[in-house]
Amino acid sequence: QVQLVESGGGLVQAGGSLRLSCAASGIISSINGMGWYRQAPGKQRDLVAVIAKGGSTGYAASVRGRFTISRSNANNTLNLQMNSLKPEDTGVYYCTAGRATYITDISRVDYWGQGTQVVVSS
């Protein structure tokens with residue numbers, strides 16, 4: 001089993017920045033891909049960004065150029081730097097991990113964090 005704990009959410013004005021972090025513990029050796037998903041009020045959970053164990057990344061079109069995902073395999077941490085935030089970025093952000101190299105679909109996610117709330121005011 002793997003446990004994921006997020007931190008860093010909060011309230012920010014449009015145009016501002018936030019940094020989300022996620023600490024992983026447990027059987028870390030089973031993890032390859034990691035990523036962030038988010039769920040806006042009344043909507044389904046959508047992919048935000050993913051990162052493979054080797055460092056290759058992928059982003060949703062809506063956040064590309066504004067968000068940066070990174071991970072430290074040595075420290076078992078995952079980060080998401082969010083800049084130029086928009087009201088439509090509001091939602092609960094989930095740290096995710098899986099055995100697949102790229103967890104670009106919910107079906108590939110094996111582990112979920114509890115989520116951290118991000119609210120971007122206009």
Side-chain angles (χ1 to χ4, degrees):
Q1 280 289 68
V2 173
Q3 294 77 43
L4 304 172
V5 179
E6 304 98 335
S7 61
L11 172 65
V12 65
Q13 287 189 327
S17 298
L18 278 177
R19 183 176 178 86
L20 305 183
S21 296
C22 173
S25 61
I27 307 177
I28 306 300
S29 59
S30 66
I31 293 176
N32 284 305
M34 299 188 76
W36 293 92
Y37 279 72
R38 71 184 176 192
Q39 186 166 20
K43 296 188 177 181
Q44 65 184 20
R45 289 186 189 183
D46 289 326
L47 171 71
V48 176
V50 294
I51 184 166
K53 201 167 189 176
S56 299
T57 59
Y59 297 91
S62 61
V63 307
R64 193 174 296 125
R66 299 187 297 121
F67 291 12
T68 302
I69 189 171
S70 61
R71 69 188 281 179
S72 168
N73 296 325
N75 297 325
N76 300 320
T77 56
L78 178 72
N79 297 296
L80 185 69
Q81 178 65 42
M82 305 186 293
N83 298 328
S84 302
L85 282 160
K86 304 175 181 180
E88 51 263 44
D89 294 319
T90 293
V92 178
Y93 283 69
Y94 296 91
C95 175
T96 61
R99 291 179 290 274
T101 300
Y102 296 104
I103 47 174
T104 51
D105 187 87
I106 285 180
S107 64
R108 294 187 171 191
V109 175
D110 296 305
Y111 306 103
W112 293 84
Q114 82 286 354
T116 185
Q117 180 76 52
V118 171
V119 177
V120 184
S121 63
S122 57

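The shortest side-chain heavy-atom distance between Ser21 and Thr77 does not fall under the 4.5 Å cut-off.
Residue Thr57 holds its OG1 atom at 12.0 Å from CZ of Arg71, rounded to the nearest 0.5 Å. Here the OG-CE distance, from Ser70 to Met34, works out to 10.5 Å after rounding to the nearest 0.5 Å. Atom CH2 of Trp36 is separated from atom CG of Leu20 by 4.5 Å, given to the nearest 0.5 angstrom. Separation of atoms CG (Asn79) and SG (Cys22) is listed at 9.0 Å; rounding is to 0.5 Å. Taking OG from Ser122 and NZ from Lys86, the interatomic distance works out to 14.0 Å, rounded to the nearest 0.5 Å. Interatomic distance, CG of Asp89 versus CZ of Arg66, reported as 4.0 Å (0.5 Å rounding).
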Would you check, one step at a time, whether the test side chain to side chain contact (heavy atoms under 4.5 Å, CB included) holds for Arg38 with Leu80?
CA-CA 12 Å; Arg38 71 184 176 192; Leu80 185 69; over 6 Å; no

Test log, rule side chain to side chain donor-acceptor pair (under 3.5 Å), inputs Asn83 and Gln81
CA-CA 7 Å; Asn83 298 328; Gln81 178 65 42; 2.9 Å; yes

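No continuous path of ILVMFWY side-chain contacts below 4.5 Å connects Leu78 to Tyr102, so the two sit in separate hydrophobic clusters. Under the 4.5 Å side-chain contact rule for hydrophobic residues, Leu4 and Leu47 do not share a cluster. Hydrophobic cluster membership differs between Tyr59 and Ile103, with clusters built from Ile, Leu, Val, Met, Phe, Trp and Tyr side chains linked at under 4.5 angstrom. When the side chains of ILVMFWY residues are joined at heavy-atom separations under 4.5 Å, either directly or via intervening members, Met82 and Tyr94 end up in two distinct hydrophobic clusters. Criterion: ILVMFWY side-chain heavy atoms under 4.5 Å apart, direct or through other members. Under it, Ile51 and Tyr111 are part of a common hydrophobic cluster.
The backbone N or O of Gly8 lies less than 3.5 Å from no partner atom in the side chain of Arg19, so there is not a single donor-acceptor pair. Using a distance-only test at 3.5 Å, with no hydrogens or angles considered, a donor-acceptor pair links the side chain of Thr90 to the main chain of Val120. Without hydrogens or angle criteria, Thr96 side chain to Gly35 main chain gives a donor-acceptor distance under 3.5 Å.
A search for side chain to side chain donor-acceptor pair (under 3.5 Å) contacts involving Gln114 returns Glu6, not counting sequence neighbours. For Tyr37, the ring-ring contact (aromatic ring centres under 6.0 Å, His included) criterion is met by Trp112, not counting sequence neighbours. Partners of Gln39 under the side chain to side chain donor-acceptor pair (under 3.5 Å) rule, at least two apart in sequence or in another chain, are Arg45.
Within a 6.0 Å sphere centred on CZ of Arg99, other residues, nucleotides and ligands contribute 12 heavy atoms or fewer. More than 12 heavy atoms of other residues, nucleotides or ligands lie within 6.0 Å of CD1 in Ile28, so this atom counts as buried by the packing criterion.
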